[in-house]
Trainee: 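Quick one: this structure, given as C-alpha cells, is what I'll be asking you about.
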Amino acid sequence: MYQISQKNIKKSNEMLPLDPLIFRRLYSYSKGNVKNQEIDTRGKLPLLCEEDGSDNKYNSANGFSFSTGTHQVQHEPSKDFHSLDALFLDTTPTFPSYEHNMQELANIESQYSELIKPQTQSHEEAVVRYTASGPKMSTNAIIRLGGERFIQSYSASTNNILILNHPYGSSFSGLSDEEVKDVQLIANLLLSAEKVTQQQFERSINLLDWCDALSCSSGNTVQRIVHYFSKALREKIDRETGRVSSSGWGTKLVENLVGRVMSPNPRAVFMYDKLPLYQAGLFSGVQALVDGVSGSKNVHVIELTLKQGVHCTILMQALVSQPNCPIEHLKITAVGTDFKKETEQTGEWLKSFAESINLSFSFNVVIVEDMLDFNKDLLELDPDEALGVNSSYGLWSMIAQQDRLESLVKVIKSINPRVMVMLEVAVNLNSPTFVNRFIEALFYYGALFDSLEDCLGREDESRGFTELMYLSKGIQNIVASEGAERVIRHVHIDVWRKFFARFGMKEVELSMSSLFQANLVAEKLPCGSSCTFDKDGESLVICWKGTPLHCVSAWKFS
C-alpha cells in the first residue's frame, strides 16, 4: 500500500484542513435548501477527507495480474486513424503460456486457466487479508475461490451443475456455510459463461436457472453480483440466438446513464459523502488542479464532466484557501453535447455556493450537437487566466467514438492548459475477447458491490438504487454486447498514456499534497481502511481491498 506521511507535504499549495460537514451541506444545497447554511467563509476544505505494455502489475489480493503483456502500438503521433482505433480496441493482455498439471484443465480455454489460476497463499491468509470487520471474506476472495473450484471440477462437470461439499478439502477449510454456497454460485456462473462461449446455450440456461434460484438483487454481495451477471448472460444468449434485436441498444444505454447522472439527484451527493473511493479521487484530483494553476489570481477551468458539480465546490474552497495567492476570480466552462438545462441548473447552484464563500465566480455553458463541432473559439479564453482542464470519469464514454475523442484532445492541445486532470476507471473492461472481459468485469463489479455494502449497508436504499440503475446496466453492456453496441469501454492508464503521447502530452507527477488528500479519506471515513493506494508511474491508483478501481492522473503538453 502506498502511504504518505504528513511531514513530507509541500505546504505552499496544500489545501487547508477540511470541514468535515461539507458533504452534508452540499447534500442540503443539492436539495435546494440554500438558506441558513453554515458555510465556512474561510473556504476550508473538509478534513476527510487495451493492451497494457507497462511493467507495473496490479497484483490484487485476489491473485490476478491485471496488467501484463507488451503493447505493440507506437507512441508517435499517428496519421492513421485505424492505428488509433486499434490502440483502444485491441486491449487484450498477452498472457504468457500457463501450464497446469491437472488433466482436468485440458479442455478449458487458456484465458480461464490464466485468469483464474490458484494463488500461492493459503485461503486462511486470504480471509484475513480481505477482512474489513470481523472474519468476513471479501467478494473478490469468494470470486477467486469460485474460479478455482470451476477449474478443478470442470472436466467432471461438463454437463452438470457443480455441486460442492463442505468441507471439500483442506485448502478450502474455514469457510462458513454461506461462503460455501457463494463459492458454488460463482463456480456455476463461470460454467454458464463457458457454455456460452461453446454456444451450448440450453446448458447455459439450465445453469442460469439454478443460479437465479439462489441469488437475488436483495441478497448478500455475491448473490447480487450473480443475479446481475446472470441477467446479462441471458441477454447475450438472446442476442446470439436472435431472440432479441440489439439495434441501437448501446447508444440508448449511454444516453440513459448520462441522463440519470446529469439530472438533479441528491442521492449522488449522499453517495459521495459515504464512499472513500470517490472522495479520494475527487480530493486528489482537485489538489492536482490547484497545483497546476497555483500562483494565479484568475483561474479558468474547462470542465468536461460537470455532473453534480460536487468537485467544483471543493475546488472553490481550495482556491480561496490558498495562503500565498488568494484567488480573485474563478471561471468554469462546462462542455457537453446535451443536458443544457440541467447543466445551467448546476451552474446556478455553483454560483450560490461561490457567493456563500465570497468568491468572485462566473459560469459558462458550451453545448455542441456533436463533439466534432467543439473548438477553442467557443471557450471565451483570456490570456490573463491560468487555464486548467478537468475530466472526472468521462473520457471513457468517447472510446467507442474515437474520432470525437481525438478531436477533443486536439482542441485541448490548441488551448495549451497548464494542467489537465483525469479521473478514470483503472481496469481493462474493453477486451474483444469475451472470456477476458467477463472475468475482469466480475472482479471489478465485485469490488464495487463490496464497497457499497461495506460503506452503506445491505439495507440502504441508495445502495440498491445505484446497483440497479447504474452498475447493472454497465454489467449488461459489457457482457451482452459486441461491436458498436458495446459502449462501456474502460481501459488501463497505460492505454491512455499511449494515446496521449500521440498529442505530445506528458504525465505530471502528482504532488505529495495531492496524494495526502487521498490518504485523508482512508483515515477519516468509517470504512476507509479498505481503501488503499498504489502508484503507477506518476499516477495514483485507488484500490478497494487490493483491487485497483480508479486512477487519478495529471498531464501537460510538452
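Because only heavy atoms are used, hydrogens play no part in the values below, and waters and symmetry mates are left out as well, while side chains stay in.
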Trainee: For a side-chain contact (heavy atoms from CB on, under 4.5 Å) with L315, tell me which candidate from V293, V310, V286 qualifies.
Mentor: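 Answer after filtering V293, V310, V286: V286.
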Trainee: Before giving the answer on side chain to side chain donor-acceptor pair (under 3.5 Å), spell out for R486 and N430 the whole-Å C-alpha distance, their side-chain angles and the decisive distance to 0.1 Å.
Mentor: CA-CA 9 Å; R486 182 162 55 82; N430 192 36; 3.1 Å; yes
Trainee: Using the side-chain hydrogen bond (donor to acceptor under 3.5 Å, both in side chains) rule, pick out the option among E507, E509, E424 that qualifies with S539.
Mentor: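 Option passing the side-chain hydrogen bond (donor to acceptor under 3.5 Å, both in side chains) with S539: E507.
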Trainee: Taking all non-hydrogen atoms of both residues, which atom of V365 and which atom of I367 are closest, and how far apart?
Mentor: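 Looks like CG1-CG1, 3.5 Å.
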Trainee: Show your reasoning for whether side chain to side chain donor-acceptor pair (under 3.5 Å) applies to Q287 and D291.
Mentor: CA-CA 6 Å; Q287 183 64 62; D291 292 338; 2.9 Å; yes
Trainee: May I ask you to check whether over 12 heavy atoms, not counting those of K331, lie within 6.0 Å of atom NZ?
Mentor: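 Yes, NZ of K331 has more than 12 neighbouring heavy atoms, counting only those of other groups under 6.0 Å.
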Trainee: Is K307 salt-bridged to E342, cutoff N-O under 4.0 Å?
Mentor: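 So K307 does not pair with E342 through a salt bridge.
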Trainee: Output, in order, the C-alpha distance, side-chain angles, deciding distance and verdict of side chain to side chain donor-acceptor pair (under 3.5 Å) for R418 and S296.
Mentor: CA-CA 11 Å; R418 290 193 182 185; S296 299; 3.0 Å; yes
Trainee: For the pair R404 and D373, find out whether any cationic side-chain nitrogen is under 4.0 Å from an anionic carboxylate oxygen.
Mentor: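 No, this pair does not count.
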Trainee: Do the side chains of K236 and E240 get close enough for a salt bridge, i.e. N-O under 4.0 angstrom?
Mentor: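 Result for this pair is yes, salt bridge flagged.
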Trainee: State whether a side-chain donor-acceptor pair under 3.5 Å links S138 with D450.
Mentor: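 There is no such pair between these side chains.
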Trainee: Are the charged groups of R224 and E453 less than 4.0 angstrom apart, N to O?
Mentor: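 Here R224 pairs with E453 in a salt bridge, since their nearest N and O are under 4.0 Å apart.
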Trainee: To check you understand the geometry: which heavy-atom pair defines the closest contact between E485 and N477, and what is its length?
Mentor: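 The pair with the smallest heavy-atom distance is O-ND2, 2.8 Å.
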Trainee: I'd like to know whether H300 forms a side chain to side chain donor-acceptor pair (under 3.5 Å) with E380, so could you lay out the CA-CA distance, the side-chain angles of the two residues, the decisive distance to 0.1 Å, and finally the verdict.
Mentor: CA-CA 10 Å; H300 185 180; E380 300 181 12; over 6 Å; no
Trainee: Look at the rings of Y393 and Y278 and say which category their plane angle falls in: under 30° parallel, 30 to 60° tilted, over 60° perpendicular.
Mentor: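 Perpendicular.
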Trainee: Show the numbers, then the answer: is there a ring-ring contact (aromatic ring centres under 6.0 Å, His included) between F438 and F229?
Mentor: CA-CA 9 Å; F438 185 90; F229 271 82; 5.4 Å; yes
